[in-house]
Amino acid sequence: MSIKINQINDWVAEIIGFDCANMTREMRQEVEEAFKRNHVLAFRDQSLTPRELSAFSRKFGPLESPINKLYVHPESNDVLILSNEIRPDGTAVGVVDGGDGWHSDSSHMAIPAKATILQSIKNPDVGGDTLYCNMELVLNALPQSTRDRIKGHFGVHNVSKLLNPRMTVSTNRPDAKDFYEKAAKTKPSVLQPMIRTHPVTGVHSLYVSPRFTIAIDGMDDAEAQALLDELFEYILDERFQYRHVWSDRDLVIWDNRCLNHKATGNLSPGDIRRMHRTVLAGDQAF
Ligand SMILES: [Fe+2]
């Protein structure tokens with residue numbers, strides 16, 4: 001074993017003394033093994049350029065192309081900028097409201113994401129944490145009667161916040177309303193199994209989110225919304241959560257196939273947070 005792994009809890013680990021910009025094949029295999037046992041891996045002290053972040057990410061498989069082309073990094077089409085910074089002319093530097101509701105990345109697409117890699121470029125003095133919820137633990141905690149109600153059902157997932165009564169469109173992001181109006185017309189809903197099987201470990205998890213799951217296919221909507229509310233309550237239970245408090249130069253990779261996550265925000269006025277993100281493409285959920 002050439003990499004040093006510190007377990008933070010049963011499903012989160014940090015990796016110390018590792019240079020993501022110079023990862024050998026052996027090191028990659030060790031990271032992939034660690035990623036089978038953990039749903040979140042935090043690499044400390046990484047300072048990759050956008051091109052290096054892209055190259056590091058691609059060693060784990062093909063990447064998704066960011067759907068919001070406005071905020072792709074000029075040095076790499078693979079890298080999306082997430083930031084609350086607004087230029088003097090009023091335009092945003094990156095996606096301002098990224099991750100502001102519990103979700104699993106790209107569950108609104110027919111082929112959802114496998115994993116997300118997020119690199120801290122500029123850490124705020126206060127706030128900006130990321131919360132993760134282990135949806136395997138959530139599924140295990142559900143009463144059998146609730147499991148029976150969702151078994152075999154499919155959630156309806158959509159990217160547009162305008163179709164989701166649980167979400168509001170950020171007024172901080174100048175283009176957000178246009179983006180979600182266009183998305184509501186051009187990005188059809190997709191169906192995802194409410195109970196998902198992890199393609200590598202075979203473990204089942206609850207695969208819904210307040211951000212993207214807007215209905216349950218074939219279920220009366222009043223009944224479906226009440227059931228979704230009941231399920232979403234579990235995500236808020238801290239027993240199932242891990243809070244990542246970012247340090248400068250952290251790079252975190254997480255498994256979207258069994259987690260929900262959320263950006264907590266709460267930045268001080270004028271304090272800037274900037275992250276670079278790549279997304280590893282996944283497989284159809286089953
Ligand atoms: Fe996300």
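Numbering of residues begins at 1 and proceeds along the displayed sequence. Counting starts at 1 for both ligands and their atoms, in listed order.
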Within the 2.8 Å cut-off the protein N, O or S neighbours of the Fe ion (ligand 1) are H103 NE2, D105 OD1, H261 NE2
Give every residue pair that meets the side chain to side chain donor-acceptor pair (under 3.5 Å) criterion with at least one member in residues 147-156, sequence neighbours excluded.
Q144-D148
Electrostatic pair K114-D255, nearest N-O below 4.0 angstrom
no
Is the shortest side-chain N to carboxylate O distance from D237 to R239 below 4.0 Å?
yes
Aromatic plane relationship, W11 with H39 - under 30° parallel, 30 to 60° tilted, over 60° perpendicular
tilted
Salt bridge flag under 4.0 Å for residues D129 and R273:
no
Please tell me if the side chains of Y132 and V252 come closer than 4.5 Å, counting only heavy atoms from C-beta onward.
yes
